[in-house]
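Notes follow once the structure below has been shown.
Letters go in sequence order (proteins before strands), and every chain restarts at 1.
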Protein chains: 2
Amino acid sequence: MTTHVEARQSVPALESVARSRILDSAAELILDQGFAGTSMREVAASVGIKAGSLYHHFASKEEIFSAILERGIEVMVDSFAAVPVAVTEPPEALLRAHVRAHLGSLFEFGPYTAVHVTTFRSAPSSVREAIVPRRDAYEAMWSTLLHRIASGGAFRDDQDLGIARLVLFGAMNSTIEWFDLDGSLAIDDLADAVATQFWQGVSREGPSKEGLSREGLSREAAIQ
Amino acid sequence: MTTHVEARQSVPALESVARSRILDSAAELILDQGFAGTSMREVAASVGIKAGSLYHHFASKEEIFSAILERGIEVMVDSFAAVPVAVTEPPEALLRAHVRAHLGSLFEFGPYTAVHVTTFRSAPSSVREAIVPRRDAYEAMWSTLLHRIASGGAFRDDQDLGIARLVLFGAMNSTIEWFDLDGSLAIDDLADAVATQFWQGVSREGPSKEGLSREGLSREAAIQ
DNA sequence: GTCTATATCACGATAGAC
DNA sequence: GTCTATCGTGATATAGAC
């Protein structure tokens, strides 16, 4: 049985099915145990081969990790780009659709994005630095979106868009700590909740200029 | 030089200065590299001793890790309890004060809380399970706070408090990924930004019943 | 493409001198 | 309380048979 040309080496290289199976298993393990806490033997066992065989598909453990982190971004970027809502829609709807897409990339396309989010900060710096530009590109997509919405006048005047984006990212990404795709809360409802909380907050009353200003708190009220 | 009774072993045991120095160094390393990615030799080197000497102070690597995670919760609980704002204050002020306290525990009392937040999910299950009750206790403090505010009628009627709390936690905890205590943004201003975003959202208009409801989006507007 | 076998090394942990 | 020395283990990675 001769192996035919499966090697259409484009850039980036297409993943063979074998590589994909390895990445799937490795990502699952790394999500639970971290990168350093996951051994090549474990990865190999979970795909049903021996450790040495992994090196036929990847040059090193780090290469596996890098591929996982990259795919994690890829999933996010693709989800963002595939959002089926026109930019001419009302800003709330546009926003919610993108929140839904980001949450989808965390829960509906394998563990790649979740691994990216949870393990990026402890990754070896060589791995981390190689990924940074792609991360930045994804974050820029969000910045552009928020700026577009802001230019329409939908945000409070004093709203810092950079902080708003980072806080929203934190709210979305941290759902991996507690959201269960098979639980009673549907992911669409989760997206609604996160987007609504981002958009209008939790309070009953609308925004007021001094509602939360620090100066509004009388010193006398402080105890201790 | 005879060693006098420094061992008033209460429960929980008081940390000796030696133990504290080790925990400080270990927490810093673990924050960067993760638990599995940090070796006892590294920890020892960063406190200026040899690896074997660590075992005079701790029985195992896991014991060091457990102590760090526990102290991380301790810092949060203490900060929460020390919030200098009476519960009779307006809910926005009360909330902002607690957000400030939580952020303080992340940035102003060593790396312990940050380590807890970033590495809990990949910790060995034995370590994780021992900590869960204390985590729950801290989360209960927040639940109580939010319920108290809600019972005053300050939240929107449809607001799920559980989700609101989790989203707020995510927003606060994820600041470790980007906030710099020595940067241009002061931690007080960060707390204001996070609390305001939680309270009133980013939008200019106040909450409306259908502003973000999914049904509000016309099907015709969907593209692709 | 997977196997076995192994080289090389770093890890956590222990023992005993000082 | 810290040291040196070392044990036993498991890690990544390689080489070559099939």
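Applying the side-chain hydrogen bond (donor to acceptor under 3.5 Å, both in side chains) rule to pairs touching residues 109-121 of chain B yields Asp24(B)-Tyr112(B), Arg71(B)-Tyr112(B), His116(B)-Arg135(B), sequence neighbours excluded.
Between the NZ atom of Lys61(A) and the P atom of dT14(D) there is a distance of 15 Å, given to the nearest Å. Between Gln33(A) atom CD and dA11(D) atom C1' there is a gap of 14 Å when expressed in whole angstrom units. Counting to the nearest Å, the P atom of dA11(D) and the CD atom of Glu62(A) are 17 Å from each other.
Phe120(A) places none of its side-chain heavy atoms less than 4.5 Å from the side chain of Glu177(B).
The aromatic ring centres of Phe80(A) and His98(A) sit less than 6.0 Å apart.
The OG1 atom of Thr144(B) sits 11.0 Å away from the CG atom of Leu161(B) when rounded to the nearest 0.5 Å.
Relative to the six-membered ring of Phe35(A), Lys61(A) meets both conditions, a distance below 6.0 Å and an angle of at most 45° to the axis.
For DNA chain C, the neighbouring residues in residues 38-59 of chain B, judged by any heavy atom under 4.0 Å, are Thr38(B), Ser39(B), Met40(B), Arg41(B), Gly52(B), Tyr55(B).
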